[in-house]
Number of protein chains: 2
Amino acid sequence: MDTRTLCLGVLNRGDATGYEIKKSFEEGPLAHIHEASFGAIYPALTKLAEEGLVAYRAEPQSQRADTRSKRPDKKHYSITRSGEAALEAALVRQPRRDEVRSDFLFILFFAHRLSPAELTRLIDARIAGYDEILERMQACDRLAERPAGERFVHEFGLAVYQRARAFLADNRDRLLAEAAADAAPTAAGRVAAAK
Amino acid sequence: MDTRTLCLGVLNRGDATGYEIKKSFEEGPLAHIHEASFGAIYPALTKLAEEGLVAYRAEPQSQRADTRSKRPDKKHYSITRSGEAALEAALVRQPRRDEVRSDFLFILFFAHRLSPAELTRLIDARIAGYDEILERMQACDRLAERPAGERFVHEFGLAVYQRARAFLADNRDRLLAEAAADAAPTAAGRVAAAK
DNA sequence: GGTTGCATGTAAATGGTTACATGATTGT
DNA sequence: ACAATCATGTAACCATTTACATGCAACC
């Protein structure tokens with residue numbers, strides 16, 4: 001998905017500023033589904049407005065109404081009819097396969113190269129990270145008012161994150177023991193490996 | 001993780017050509033953890049070799065040993081001591097948070113904008129996709145010979161994908177019904193919404 | 001005879017990240 | 001007084017994707 005479609009999607013849920021769109025990818029309902037940075041969002045909105053897919057209402061942010069203050073207006077964007085049509089066209093195109101980039105899993109792959117302390121820190125930080133995500137997701141209210149798709153995606157995320165968290169918690173100690181054995185094989189280990 | 005570190009990681013498991021490195025991100029044990037394209041891998045390997053972090057043995061691919069055939073040599077890369085050191089240094093740096101980009105979930109978010117047929121197709125294709133992934137992962141043999149980290153990541157992936165698959169299968173029909181209700185509200189629905 | 005898989009590589013184009021610049025307000 | 005949050009925007013830089021070029025062998 002390009003940033004333009006992502007913006008249309010957010011605006012389809014309700015009016016927002018560029019800043020708020022960014023937030024919805026960080027903490028909002030679209031967090032963990034896609035990413036978008038300011039450097040991508042602002043140019044995308046400008047282009048979208050040029051093409052008539054979104055409209056905006058500018059709100060001055062300077063108190064001094066006098067001269068050209070350098071502070072730019074705050075822009076409340078809303079999706080237009082053609083914007084909705086463009087979004088719908090994007091939704092029916094078959095999705096490209098998910099992209100995942102997990103430094104955590106890549107590092108964990110080489111667990112035997114890490115010291116027990118580092119490995120412990122890595123996993124515990126991750127469990128804590130999942131707890132944070134899950135707490136924030138569960139604190140999310142007014143969900144019942146949202147459309148079915150949003151609720152579904154929310155529950156899907158909860159289910160998957162809960163499973164991931166549980167797997168880490170349940171298998172942490174085993175990994176610690178096995179990684180230590182791989183890193184510094186015992187005499188018995190070396191005999192077994194030699195066979 | 002930059003592509004260079006990714007290459008070092010793969011080569012740490014054993015010698016490989018650029019082509020094989022690419023494959024290991026597609027079907028191999030590192031699939032779904034990170035991505036890397038030819039256009040990223042080949043330049044990365046060249047640079048890595050210049051810096052002495054990897055070495056390679058060139059194998060001519062042309063039968064005609066005569067003149068400069070245009071066909072480039074096949075290069076078997078292996079990691080060097082300094083390459084291993086560089087990898088280890090990268091592993092202890094604290095990982096940046098995971099990136100996920102899921103067009104599927106983004107589209108699902110707007111389920112009520114899709115026709116029932118499209119929604120059904122979307123979800124069923126996804127379930128089938130999970131089945132394919134799970135089958136390939138379960139067919140993976142000689143896992144017992146791999147270090148603890150690899151086995152752990154493998155099992156983590158299995159657990160999470162299985163949960164994701166199960167959630168979709170268990171909640172598919174409910175979503176279909178609810179999305180249809182959202183898309184074309186009944187009189188009762190409109191009354192409830194008005195309150 | 002055509003497609004698929006093996007195998008490397010380059011160049012152009014894309015698209016995004018990062019860093020910077022600016023400035024007000026609110027909380028500590 | 002300082003940090004954080006709100007708020008927009010630009011530009012340089014970077015990395016990656018995509019397309020292309022080349023070529024052989026195996027299989028159908």
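No experiment lies behind these values; they were computed from the predicted model shown. By convention in this document, chain letters (A, B, ...) are assigned in the order of the sequence lines, proteins followed by strands, and residues within each chain are numbered from 1.
Using a 4.0 Å heavy-atom distance criterion, Arg96(A) is classed as a sugar-phosphate-only contact. Within 4.0 Å of Thr3(B), counting heavy atoms only, lie sugar-phosphate atoms of the nucleic acid but no base atom. Among the heavy atoms of the strands lying under 4.0 Å from Ser37(B) is at least one base atom, whether or not backbone atoms are also near.
Under a 4.0 Å N-O distance rule, the pair Asp131(A)/Arg165(A) qualifies as a salt bridge. With respect to the salt-bridge test (charged N to carboxylate O, under 4.0 angstrom), the residues Glu155(B) and Arg151(B) do not qualify.
In this structure, of dT8(D), dT8(C), dA7(D), it is dT8(C) that holds the atom nearest to the side chain of Lys74(B). Closest to the side chain of Lys23(A), out of dT10(D), dC6(D), dA7(C), is dC6(D).
Phosphate contact (OP1/OP2 of dC6(C), side-chain N/O of Lys22(B), threshold under 4.0 Å): absent.
Distance CG (Asp2(A)) to P (dT17(C)): 13 Å, rounded to an integer number of Å. For the pair Ile41(B) CD1 and dA15(D) C1', the interatomic distance rounds to 14 Å; values are reported in whole Å. Going from atom CD of Glu26(B) over to atom C1' of dT17(D) covers 14 Å, rounded to whole Å. When rounded to the nearest whole Å, the span between CZ of Phe38(B) and C1' of dC20(D) equals 14 Å. Rounded to an integer number of Å, the gap from Leu48(A) CG to dG9(D) P is 13 Å. Summarising the geometry, the separation between CG on Asp73(A) and P on dG9(D) is reported as 8 Å, rounded to the nearest angstrom. Going from atom CD1 of Ile21(B) over to atom P of dC6(C) covers 15 Å, rounded to whole Å. Here the P atom of nucleotide dC6(C) and the OH atom of Tyr42(B) are 12 Å apart, to the nearest Å.
A donor-acceptor contact closer than 3.5 angstrom links the side chains of His34(A) and Asp103(B).
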Step-by-step ring-ring contact (aromatic ring centres under 6.0 Å, His included) determination, His32(B) to Phe25(B): CA-CA 7 Å; His32(B) 316 297; Phe25(B) 288 109; over 10 Å; no
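Scanning for ring-ring contact (aromatic ring centres under 6.0 Å, His included) contacts around Phe38(B) gives Tyr19(B), Tyr42(B), with sequence neighbours left out.
Map Arg101(B) and Gly39(B) each onto its nearest nucleotide of DNA chain C; the residue landing nearer the 5' end is Gly39(B). Comparing Met1(B) and Thr17(A) by the nucleotide of DNA chain D whose heavy atom lies nearest to each, the residue mapping closer to the 5' end is Thr17(A).
In this structure, Glu118(A) contributes its side chain and Ser115(A) its backbone to a donor-acceptor pair below 3.5 Å.
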Between protein and nucleic acid, restricted to nucleotides 12-14 of chain C and to nitrogen or oxygen atoms under 3.5 Å apart, what atom pairs and distances do you find?
none

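Residue pairs that meet the ring-ring contact (aromatic ring centres under 6.0 Å, His included) test with at least one member in residues 89-109 of chain B, sequence neighbours left out, are Phe106(B)-Phe110(B).
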